[in-house]
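Taking it in order: structure first as structure tokens, then the write-up.
Chain letters run A, B, ... following the sequence lines, proteins first and then strands; every chain starts at 1. Just so it is clear, the structure is predicted and the values come from calculations on it, not from any experiment.
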Amino acid sequence: MEGLILTAEQLRTEVEYFLKQDAFSWDTETMDGPLPDTRGVPTQNRVVWLSMATHGRTIVIPMGHPNGDVLLQKAHTKNKIVYPLVYDAPPEQMRPSQVFAILEPLFFNPDITKIAHNATFDLITVEKYFDRIPIGPNSDSIVLQWLLDENVGELGWGFNQRPKGKGLKELTRFYFGVDYDKEEVGRCIEKHAFSKVARYALLDAKYTWLLWKQFDGRCLGEDLWAIRELEEQTTDVCCQMGLIGAPVDVQALRELEKELSLKLEILEADVYKAAGKIFNMNSPKQKQEVLFGPKSDGCQGLVPVKMTKGGKLKAQRKAEPTIYDYSTDQEALEPFEGNQVVDALTAYAEVAKLQSTYVQGYLGVDGDPKKPSRIFNGRIHTDLVQYGTLTGRFSSRTPNLQNIPAPRSELGKKVRGLFRAPKGYKFLVADYAQMELRILASMIGFGGLYDGFHAGVDAHTQTASLVYSVTIEDVKKWQRDAAKTLNFAIVYGAQNKKVAQTLGITVEEADVLLANHRKAFPEIYAFRDQIMELARSRGSITGRVRIPYISTIMGRKRRVWEVLYDVAQREAPRLPWYNPRRHASAVRSVLARGERQVFNSLVQGSLGDIIKLAMIRMNRILSEDALKNPGREIYMVLSVHDELVIQCPEDRVEEGKKFLLEAMSGAEVQDLLNVPLAMTLDSIAVVDRWSDAKE
DNA sequence: CAATAGAGCGCT
DNA sequence: AAAGCGCTCTATTG
């Protein structure tokens, strides 16, 4: 087969050719490493194939594929044809150690761009062979695609004119009309014949290359040069953090698992006792029956108010609601506090959530291959997904380390406290305070928020002072709390009802608050209108299609077609999934939602830019520092939107703090804003457990 | 048995 | 009619 590399001599010749290029794409096919179920775990898996493509050349290197080709295609039994998988012996292949030794000059050449689709996975995967992560420039076709169209895979305008997802196969199908993997070979390569996997791996690299070439050109044409640079360096950060992982106290975790399972048995019994029957308390449906069913049937006969999402839709259609249309979530049950079943269910739910999602989610459940342990050598390696959101923030998965319970409740504190610095180390925890408001104030460039930040006043206190017309010193706690809600309402676009609900006040009272806020901060509302007009002016779905968008502080785009609602309405026949005449109010809410998304994305997305920049800077500082302090390295271990956690040798805490401060608020970051970041060394917490950082 | 939808809930 | 996420569980559907 053309491009199949079986010997060192062949590979050296290829490397010579690739070294003369300015870029190449590559991909790995992996199997389980020494531990079971680790094919998809980049720190633990094993590379079996590596493919590469560049101008005029595509190659594929096997290194331990277990099968040859199929000897027998078909066999007949009594009355049907069967396909026994009988394989020939595979050809002799190189060992990974030999392959990677020869590839080293290529993957560590700073003048050659290395391209992969979801590069973090492949980069961490090969780290175990190179003993370090391949150096940049590392580019990722999935990231470029996302910068060009973050809405791929989302329902909405143009769904059918876009790829169905960000995956390599979906993009190849869409852009080249080629479907080269109908059998999903990559899901389990060891089940397939040698030649089939060879072809598959080769095409992965080839189409990654072809897609990247296309995206690369389009990024220039769409003014995405700067943000692309940021994202390419972010890839290196994701690799470094994914590789090091976050340290957890495994022993405490095991103990907590036992403690909670005992607790749950009791709480479960409490529910049954109060309800007088046995049912599945994890099932919303069964909870609806028990709580809202008639007393005559031995149920509680509670009269619910809050509907589920589905229930509301049904009500819109003017259908008669049933008990199954009413919510059983925490908020819906609040009015019934005191009912023994409700109270027992509430107590159970909190513990059950934490046990299943966090404790068992990390430890895994013995004998259940769907719930593997996420802990390797006392560390959890999350996958920080740089392309995981519509706004530019990170998402985090397998497991998600961005939704660890905050230390508000005792139990939440315990769970967050499982993240613990290793012996001899401390966690240093830094976050940006009120960063979204700072960004907003900076963009407006004047007004109450802007003045407050320049005067060094806490933003919520400043808001309260202006809304309630009292001096900064006279702001009461309840006023600051209300102001905080108002500030959230601005950033998220909440209306009077939501503000009322959050603060536990009437809608009329909320109206007064919002009116006062508008009076005190007219520039915010004017700015909002301005942004909306700008976004709208960039869009058109008549004639040449241009989706409205906003640009963040670093030039990231968020496209929101919904803000062209009135145009869409006129063009309704082109948009088959809604009928504006029948759903006028629904369409209006689509527009309103689009406007909230536009405004929120401007701020949330800019914060995403800034935290990524800070992490790139920190990574640079720490990489350099590591060379000077072998064995005493500092590592970034967690990142939660506006918060950064590092693990730092105990005797280097002061250095670590300085590094964090410089990375997060140094000139390069501060210069993006015209309000002060106001970060200080003192605001960086030095703790053993993550839960001790916030009170 | 596997995939999917909905409800619900953890976080910033 | 509050932005952005991912995970677990149940119930339904293929």
What contact category does A406(A) fall into here, base, sugar-phosphate, or nothing, at under 4.0 angstrom with non-hydrogen atoms? sugar-phosphate
Classify E643(A) by what it touches in the nucleic acid, base, sugar-phosphate, or nothing, heavy-atom distance under 4.0 Å. nothing
Indicate, with a heavy-atom threshold strictly under 4.0 Å, whether R374(A) touches base, sugar-phosphate, or nothing. nothing
Whether T328(A) contacts dG8(B) is assessed here as follows: a side-chain N or O lying under 4.0 Å from the phosphate OP1 or OP2. Is that the case? yes
R538(A) side chain vs P548(A) backbone, donor-acceptor pair below 3.5 Å: no
Whichever of P284(A) and A494(A) has the more 5' nearest nucleotide on DNA chain C, that residue is A494(A)
Donor-acceptor pair present, N403(A) side chain and dG10(B) base, under 3.5 Å: yes
Have a look at V491(A) and say if it touches a base, only the backbone sugar-phosphate, or nothing, with a 4.0 Å heavy-atom cut-off. nothing
Against the side chain of R393(A), the closest entry in dC9(B), dA11(C), dG4(C) is dG4(C)
Of G310(A) and N400(A), the one whose nearest nucleotide on DNA chain B sits closer to the 5' end is G310(A)
At less than 3.5 Å, do the side-chain atoms of R397(A) and the base atoms of dG6(C) form a donor-acceptor pair? no
Just how far, in rounded Å, is P of dA7(B) from NZ of K353(A)? 16 Å
Is the phosphate of dG10(B), meaning OP1 or OP2, less than 4.0 Å from a side-chain N or O of R416(A)? no
Would you mind classifying the nucleic acid contact of N280(A) as base, sugar-phosphate or nothing, using non-hydrogen atoms under 4.0 angstrom? sugar-phosphate
For dG10(B), does OP1 or OP2 lie under 4.0 Å from any side-chain N or O of Q402(A)? no
Looking only at the side chain of K370(A) (C-beta and beyond, no hydrogens), which of the listed nucleotides dG10(B), dA3(C), dA2(B) gets closest? dA2(B)
Electrostatic pair R162(A):E170(A) at N-O distance under 4.0 angstrom: no
Looking at E259(A) and K414(A), does any basic side-chain N land under 4.0 Å from a carboxylate oxygen? yes
S283(A) side chain N/O closer than 4.0 Å to the phosphate oxygens (OP1, OP2) of dA11(C)? yes
Look at E289(A) together with K277(A) and state whether they make a salt bridge at an N to O cut-off of under 4.0 Å. no
Quick one: label K312(A) by what it contacts on the DNA or RNA (base, sugar-phosphate, nothing), any heavy atom closer than 4.0 Å. nothing
Have a look at E436(A) and say if it touches a base, only the backbone sugar-phosphate, or nothing, with a 4.0 Å heavy-atom cut-off. nothing
Gap between atoms OH and P, on Y348(A) and dC9(B) respectively (whole Å): 13 Å
For Q386(A) and T234(A), which I'm curious about, is there any donor-acceptor pair between the side chains at under 3.5 Å? no
Taking any heavy-atom pair under 4.0 Å as a contact, classify S601(A): base, sugar-phosphate, or nothing. nothing
From the set dG10(B), dA7(B), dA3(C), return the single nucleotide nearest to any side-chain atom of T308(A). dA7(B)
Contact class for L401(A) vs. all strands (heavy atom < 4.0 Å): base, sugar-phosphate, or nothing? nothing
Checking all strands, does Q604(A) fall into the base, sugar-phosphate, or nothing category for heavy-atom contacts under 4.0 angstrom? base
Checking all strands, does K497(A) fall into the base, sugar-phosphate, or nothing category for heavy-atom contacts under 4.0 angstrom? nothing
Find out whether the Lys NZ or Arg CZ of K164(A) is both under 6.0 angstrom from the six-membered ring centre of F159(A) and within 45° of the ring's axis. yes
Quick one: H641(A) NE2 to dG4(C) C1', roughly how many Å, whole number? 7 Å
Please tell me which of the listed nucleotides, dA7(B), dC9(B), dC5(C), lies nearest to the side chain of K309(A)? dA7(B)
